[in-house]
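Order of the sequence lines fixes the chain letters, A, B, ..., with proteins taken first and strands second; residue numbering starts at 1 for each chain. Just the heavy atoms: all of them, side chains too, but no hydrogens, waters or symmetry mates, feed the values below. Please read all numbers here as calculations on a predicted model, not as lab measurements.
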Amino acid sequence: MSDLLNAYQRVAGKDAVDHLQQLSAPLKGAKFVHVNSTRVGGGVAEILMKMVPLMNELGIETSWEVITGEDKFYQCTKSMHNALQGDPVNITSDLLKAYEETNAKNAETLRPILEDADYVIIHDPQPAPLLSLCPNRKGKWVWRCHIDASKPYPPVWNYLSQYVKDYDASFFSLADFAQQLPHTQYLIPPSIDPLREKNMELSQAEIDSTYEEFNLDRTRPIMLQVSRYDRFKDPIGVIQAYKLVKQSIPEIQLVLAGGGATDDPEGEEVLKEVRDSAGNDTDIHILLLPPDAHKTINALQRLSDIVLQKSLKEGFGLTVTEAMWKGKPVIGGNTGGIRLQIINHHTGFLVDTPEGAALRIQELLQNPDKMKEMGKQAKEYVRENFLSTRHLREILSLFTILDNQSKS
Amino acid sequence: MTSKNENIQPFNIKDCAILNIATGVRAKNLKELRDKLLTIHPESILYHFWAKKLRPGFEEPEYNNDFATWAYSNLHDIKLAERLSLINPGTFDTQGLRVKLIEVVELSLEENNSNLNTKEGEQFQFIRSEVVVFDTQHMISNPEELKKLLPNLAPGSIYFHFIDSKNSSGDISSWLLQFGDEYSKLADQLSKLDPYFFTLTELERKVSQIFKDFLKGANQ
C-alpha cells in the first residue's frame, strides 16, 4: 500500500481504506473529471485539493478543471448562489448572457477532456451548462450542489434547472436541499481531509507563534469564527454575541478570520460592515487571510476555546467539522448542514440568535469540563462521519450504482 | 472439527454502507405525514426504521425510528413519539408496517395533539437508500472462528448480516446448519434475535453471547 493510503488508514481506519480500494478496483484506469470555478478559497476547492490526489492514488485517472470568467460572470454566479439560498435576486439578462458565454468559452477548451471522460462531477451552478455544451459526451455526468438550496428563489432555480435536469444524477448535502428533478438525487455530505495542512496535528511552537503573530493574549479566552466575509455567515451577529458575552466575561477576545474566494465579489463590502461594527474594540481581531493560510487557520482553531459558525444559511460549513476535528465544541447557526454536524448539546450547540450564541459561550466558558467532553465527542463524531474517506466512498458508490443501472 | 466439516465452504464476512437518496417527498405536519405514508415507496418506510443504525448520530437514540424522533423533536409530541417508537418493524410485513404507522398517526390526529406546522428545515423528509456491499476478506471456517471474530467486526458487517433484510441472518444460520443438527439450536437462537431495539454495538454483544453460551455448552 502506498504511503498516502497508509496515512489515511492511520487516521480513518483500515476498513475505510479497504472500502475505497474495493470500490475503485473496477474503475482503475477510468478517466474522472471534477469541474468547479475556483482553485483556491471556499469549501469546494478545499475538498478537491485532497480528494483528487487520493482518487489518483487509488488508480482512477482524475483531473480537476476550473472554469474562469470575467467580473460579470462572477457577479452572475454570486447572485445565483444567493438566490439558491433564498434571496429574491433578479439576475439581469446581461449577467445571464455573461454566464452563458463564459460557459461556452470554457467549453471550447474543456470539451475534449470532458467528452472523453468516463465520469464527470460538475460542482455548483457556475459550470452547470457544460453538460449541454458537450454533445458527444460518453461518460456519466453528475451535478453536485454544495449550496443550501432548501428554498431557492424560483425564477433563478427555474433558469438553472434547465441545465441541471439532463444530468445522470445529482447530489446534495441534505435532503432539505434536494429539488424536483427528473433524475435520482443522492445525499452526500461533504468532508474534511485529515491530512491537509489545515487539519493535521501542529506543534505547540507553531500554535504559540500564532498567538504572537496576531497579538492574542493566551491567558484570556478566545472565541473564533473562520469564514469568508459573507452576510450569510453572519459575522455581525458574531460581534453582537461577543459584545453580550463581554458584559459578563470582560476578558473575552474575538477572532474573525476570513479570506476571499476568487468567485466572491461581495467580500470587501461585507468586510467594511464588519470593521464598522467592531469599532475600536482592540479585543476584536479581524483577520484577512490569504487563501493559502491553511496552517494559520489550523493554529487559530486549536488555540481558540470556542469556535462559532453562526451562519444564517449554510450548505454544510466545513469550518464546523474542522474545529470539531480539533476537539473544539462548536456553536453553530441552526441551519442547513450545520444541523447535521452539531448534535445539539452533544458536540456543540445550535443557536438562532446572537443572544443564543452568547448564552452558550458563557455556559461553556464557565464549565471547562463540559467544554472538554463536548470537544472529545465532536472529534470522534467527525472521525466516524465526516472525513474525506467516507465522502469519497459515497461518491464512488454513486458512480458504481449508475454503472450497474446502465448494465441492467 | 471433524473431517466432515472440511467440505463446508468457508463463510465470507461482508461489510456494507448505505447511500442515501432523496425521494423529494416531505411532510410539514402530521396530516401531511399521514397522506404521504399512504403512497410512499415501501423502501422508504423501511429506511426510516432501520437505516438510523448506520447513519451519523449517537449510538443511544431516544427513540427507535425516524418517525418517532420527528414527532418528538419537531412536533414536540411525546405521546405520539412513544407510540411510534413502539412499532417494531420486525413484526410486520411491509404493507402491515405502513398500515400500523398510519393507524398510530391517525389516532394522534383524532386526539388533535399534533396539528402544528413545522418550521422551515424541520419537515419530515422521506429518504430511501441503496446498500453498497464490501468484501472484508474474512473467510470463517467454523463457528468457533466466527465467535472470536464477532467483537472485531465493523458496524456495517453487523448491520449486513443481522439486519439488512429479514433473510440476512439466514445466511449465517444456513451455514451453521451444515455443521450438524446440533447447530440448529444456535441458528434458531440467532433467528429469534430481534435487532430492532438494539444499537449495533448491543446487537454484536448479544450475538457474541449467544455464540459463547452455545459453544461453551457444545464443548462440555
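When all heavy atoms of His19(A) and Phe134(B) are compared, the pair lying nearest together is CD2-CG, 3.5 Å. Minimum interatomic distance between Arg26(B) and Ala178(A) (heavy atoms only, all atoms of both residues): NH2-O, 2.6 Å. Considering all non-hydrogen atoms of both residues, Arg128(B) and Thr184(A) come closest at NH2-CG2, 4.2 Å.
Atom NZ of Lys206(B) is surrounded by 12 or fewer heavy atoms from other residues, nucleotides or ligands within 6.0 Å. Atom OH of Tyr72(B) is surrounded by 12 or fewer heavy atoms from other residues, nucleotides or ligands within 6.0 Å. By the neighbour-count criterion of 12 heavy atoms within 6.0 Å, atom NZ of Lys147(B) is densely surrounded, having more than that number from other residues, nucleotides or ligands.
Neither the backbone nor the side chain of Leu174(A) comes within contact range of chain B; no heavy atom of the residue lies under 4.5 Å from a heavy atom of that chain. Contacts of Gln180(A) with chain B are made by side-chain atoms alone, with heavy-atom separations under 4.5 Å and no backbone atom involved. Proximity to chain B (any heavy atom under 4.5 Å) is restricted, for Arg339(A), to the side chain, taken from C-beta onward.
Atoms CG and CD, on Asn404(A) and Glu130(B) in that order, are 9.0 Å from each other to the nearest 0.5 Å. Residue Ile188(A) holds its CD1 atom at 9.5 Å from CD1 of Ile21(B), rounded to the nearest 0.5 Å. Rounding to the nearest 0.5 angstrom, the gap separating the CG atom in Leu187(A) from the CG atom in Leu19(B) is 8.0 Å. Rounding to the nearest 0.5 Å gives a distance of 11.5 Å between CD of Gln185(A) and CD1 of Ile127(B).
Gln125(B) and Asp176(A) share a donor-acceptor pair across their side chains, judged by distance under 3.5 Å alone.
When side chains are defined from C-beta on, Asp135(B) does not count as touching Asp18(A), because their heavy atoms never get closer than 4.5 Å.
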side-chain contact (heavy atoms from CB on, under 4.5 Å) assessment of Leu23(A) paired with Val132(B): CA-CA 9 Å; Leu23(A) 283 164; Val132(B) 184; 4.0 Å; yes
